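Just below is one structure, and these are the notes that go with it.
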Amino acid sequence: MRELTIAAYLTKESRLAKAMVAGLLSLSLLAPAVHASPEEEATQPKAAVLNAETASAFLDEFFNSDVAKPHYVGASVVIVKDGEVVAQKGYGYADKEAEIEADPVESVFRMASVSKTFNAVAAMQLVEQGKIGLQDDISSYLDGMTYDNPFDTPVTVEHLLTHTTGFRIQDPTPEDIHFDLDQRVEIEEYVRQHMPPVEREPGSSYMYDNFASMLLGLIVQNVSGMPYESYMQERVFEPLQMNNSSFELQGELIEKLAEEYDAAFNPIGVYAVTPTVMPQGGMLSTAEDIGKFMIAFLNGGAAGDHRILSESTVEMMEEYRSSVHPLLPDTTYGFEAPFQLPGAGSSSAIITKAGDIVGTSTYMFLIPEQNTGVFVAYNKTGALRNLLYTQLMTKFFPAYAEPADLGNFKPQPAEQLAAFEGYYSDLRMKSLVSVLEVQGEHGLVVSDAIIGPRPLKQVDRNLFVDSLTNQFTAFQMDEDGEVAYMKEPYLNPLGYAGKGAKAEGYRDVATDSPYAEPIHMLQSLGYYTNNGDESFYPEKGATRAQFVEHILRISGLKGSKTKELAFADLEGHPSAAYVQLAYESGMVKGTTSGKFAPDRTITRQEAAVILWRALSLKYPANLFDEVSLSGEVDEWAKQAVQMIVGLGVIGPEIGISDDGATDFLAKEQLTREQEAAILFKLLTQQTDQIVASLMAKQNAEAAPEAAMQDEEVEAEAGVNTEAEAAAATDEESADAA
């Protein structure tokens, strides 16, 4: 086992917490892959023959391309066809610092959510044996464990398998990823502590559900009478001779585990998960071992003299069980729909499973009718798999990319399209927000913080073509015929976004107020109470604790569970858990007297620094040094204000003078309506595109003076340190700055 000193442990814990929070604060998942134009799609290329020679050549060309290289440190990949491995290769480094190359046989990767497929296999084995019924109420398998369900429809085993439980989102928390490799938490213990209520009628909507998969694993354990990890070892891994696979991070697998890297390519270190055996995402394996599984699955569940599933069960697992539209299926028992291909949607002939965990991404996709399977793992989360899937399908299986026959549907007039208008937030990641409006000749227009605005062309009653890349967006209606959910191809293709309620407004917020839109959006999405008889008090000051809590809540984060609070004056405060999480992730630091002053009205520059600390984990801190400011701003907050202004995360109260300078009103108090405008911008502003544009401009200007730039970066790092030190000693202005 790799050992950590206390100092190293604390440093790594802090880095891990920051990495997790940075990822959750990020309003983007994956940039959309570059696709062919409609004209180029019209003529599909002839399919190349997939064999050992062509597969190997394709992988070499892809992983050595300028497009792929920025997306991985080390990658391991395997392609199987007709019961044989046709290519099995490693690229880059499993551990760059130690110069250990990625190897498909030796390099162990975390499987992340690809674990769910194996979890489903275990459950379906017990279904075959008659020990589990797919339509059974899960309560019958949970040893007396209960949960709140206000609906007459029970949550069934099938709902767990298809991510249609209706449970409130209960994803892993920052505390569930840690460096204490000796800590052990059992599955049942974790489930009892975190069991969520049902919020949507079971079976009515698709939401990627980690907790449901954990419950499924607990059911496997309870019904089989064996520890989950032992069951998987004996009934799945051993029959397939998957000798480097396990749900336990111990022994030789730790030594073989690929180092994982954050977005800045910094090594993260070996971490553990909670529960210790995590059915929904804790599996460890190699590309070689996953190849053995794919061969067996494509062979009807048989591997030599062993069989893990019957042919009929394999066929059941290949069949999609829900969809928002035939061109956009959701899930099978254990698999999910592939990434959309332009004009074609997601083929129901292909089954896939993607996975993400801190520092690792994975993807497995099978084409049963072609007897072909592909798996890739790489030690840095990101979009590499999107690119690999698109290019491989285009080269070897272009028939699946042929445009769908959409018929001659006549788009509805504007007054009918208005039914789709509103704010939509992802059921799982609520910070992913889309705004839909009818705009004159463009018809229905969708906009979000990642892609920006683009028209949607209606091609079926609930199906639209996105004008940006010719992919589909679809809507699900409720039993009354009202629009309830949206499924789109970019922000989170693995789930639905729920339509927000109609905002009722507030008595003291005029409909023509420049702050009405942000306040109403936050009402619609449930962040503010939606009662038109109430007052909002828009000019009242926002407190420091409220601001921190609101920022974390719109980012989809929950409060810390740490009992020992960092600040003495947080004891018993309703926002204590959120301020504590902000402290643990480096967003706030407090004052020299060890207090936070949670109920003091926050100044605008204090708010800017809190945001800056979070956003600096994602964006270069010095990228906005050229942003021109006017008005008063303390030196410790200057760089933060420059970033917030540069990103446009400001309200209508801020203007830019003729000479290009912005007065952020830094020392004034932040009012509730101004805070609402900031929250609105965080959910809707295209900050990634702003940063990409600035970086491109900066790189172009700095290229001839690289050496001088290095010296300036070092100097700026020193200034940052001094700014933080000054802020930490400023009793009255310590925003955790």
Side-chain angles (χ1 to χ4, degrees), residues 110-127 129 131-132 136-148 155-163 165 167-198 208-238 245-251 253-254 271-285 333-334 353 355-358 558 561:
R110 299 181 196 268
M111 292 296 98
S113 285
V114 169
S115 309
K116 292 180 175 66
T117 296
F118 291 82
N119 192 34
V121 166
M124 294 304 290
Q125 287 179 338
L126 296 172
V127 170
Q129 297 167 29
K131 296 179 179 179
I132 292 178
D136 289 350
D137 186 332
I138 62 171
S139 298
S140 61
Y141 301 112
L142 294 178
D143 292 345
M145 197 179 302
T146 61
Y147 58 93
D148 294 333
V155 177
T156 66
V157 173
E158 183 175 63
H159 292 145
L160 297 181
L161 282 162
T162 57
H163 299 267
T165 62
F167 279 133
R168 182 189 67 199
I169 181 63
Q170 187 64 55
D171 271 337
T173 65
E175 293 87 357
D176 293 336
I177 307 292
H178 57 87
F179 287 103
D180 185 356
L181 302 186
D182 294 322
Q183 174 183 311
R184 186 170 183 88
V185 175
E186 299 297 336
I187 301 172
E188 182 174 355
E189 176 186 352
Y190 187 95
V191 169
R192 287 188 181 277
Q193 291 178 355
H194 298 86
M195 192 75 184
V198 175
Y208 193 84
D209 196 338
N210 277 302
F211 198 86
S213 295
M214 186 187 301
L215 279 175
L216 186 67
L218 178 60
I219 289 173
V220 168
Q221 179 171 276
N222 289 346
V223 171
S224 69
M226 299 171 62
Y228 181 82
E229 63 274 22
S230 299
Y231 183 94
M232 298 303 295
Q233 204 69 41
E234 293 182 21
R235 305 297 169 84
V236 180
F237 299 150
E238 288 180 8
S245 299
S246 177
F247 273 84
E248 295 183 284
L249 180 61
Q250 60 186 21
L253 292 189
I254 294 182
Y271 60 83
V273 297
T274 309
T276 307
V277 174
M278 183 186 279
Q280 76 273 28
M283 180 176 158
L284 306 156
S285 193
Y333 296 153
K353 190 70 202 76
D356 289 298
I357 198 167
V358 177
K558 298 177 181 178
K561 295 181 181 178

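We count residues from 1, following the sequence as given. Predicted, not measured: the structure shown is a model, and the values here were computed from it. Only heavy atoms go into these numbers, but all of them, side chains included; no hydrogens, no water, no symmetry mates.
Using modelled atom types, one side-chain atom of T276 and one backbone atom of V185 make a donor-acceptor pair closer than 3.5 Å. A distance-only check finds no donor-acceptor pair linking the side chain of E248 to the backbone of E229 [under 3.5 Å]. Side chain of S115 to main chain of P279: no donor-acceptor pair is present (N/O by atom type, distance under 3.5 Å, no hydrogens or angles).
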**OP:** Step by step, work out the side chain to side chain contact (heavy atoms under 4.5 Å, CB included) result for F211 and T165.
**Re:** CA-CA 10 Å; F211 198 86; T165 62; over 6 Å; no
**OP:** Apply side chain to side chain donor-acceptor pair (under 3.5 Å) to T173 and E175, showing your working.
**Re:** CA-CA 5 Å; T173 65; E175 293 87 357; 3.0 Å; yes
**OP:** Could you please spell out the steps behind the side chain to side chain contact (heavy atoms under 4.5 Å, CB included) verdict for M283 and V114?
**Re:** CA-CA 8 Å; M283 180 176 158; V114 169; 5.9 Å; no
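The CG atom of D148 lies 10.0 Å from the CZ atom of F167; values are rounded to the nearest 0.5 Å. Between the NE2 atom of H194 and the CG atom of D171 there is a distance of 11.5 Å, given to the nearest 0.5 Å. To the nearest 0.5 angstrom, E238 atom CD is 11.5 Å from S245 atom OG.
A 4.5 Å side-chain heavy-atom check between I138 and T156 finds every atom pair outside the cut-off. The shortest distance between side-chain heavy atoms of K558 and Q170 falls below 4.5 Å. Contact of the S224 side chain with the R235 side chain is not registered, since no non-hydrogen atoms from C-beta on lie closer than 4.5 Å. Side chains of I254 and L249 form a contact here, defined as non-hydrogen atoms less than 4.5 Å apart. Taking 4.5 Å as the limit, some side-chain heavy atom of M195 sits within range of a side-chain heavy atom of L215. Using a 4.5 Å heavy-atom cutoff, the side chains of K116 and H163 are in contact. Residues Y271 and I357 form a side-chain contact, since some pair of their non-hydrogen atoms from C-beta on lies under 4.5 Å apart. The shortest side-chain heavy-atom distance between L284 and R110 falls under the 4.5 Å cut-off.
Checking E189, R184, H178 one by one against T274, the side chain to side chain donor-acceptor pair (under 3.5 Å) holds for a single residue, H178. For the side-chain contact (heavy atoms from CB on, under 4.5 Å) with Y141, the lone residue among L218, D136, V220 that qualifies is D136.
Annotation for A122 and M232: closest pair CB-SD, 3.6 Å, computed over non-hydrogen atoms. Considering all non-hydrogen atoms of both residues, L216 and A120 come closest at CD2-CA, 4.3 Å.
A donor-acceptor pair shorter than 3.5 Å cannot be found between the side chains of N119 and S213.
By the 6.0 Å and 45° rule, R168 does not stack over the aromatic ring of Y147.
Between F118 and F247, the distance from one ring center to the other does not fall under 6.0 angstrom.
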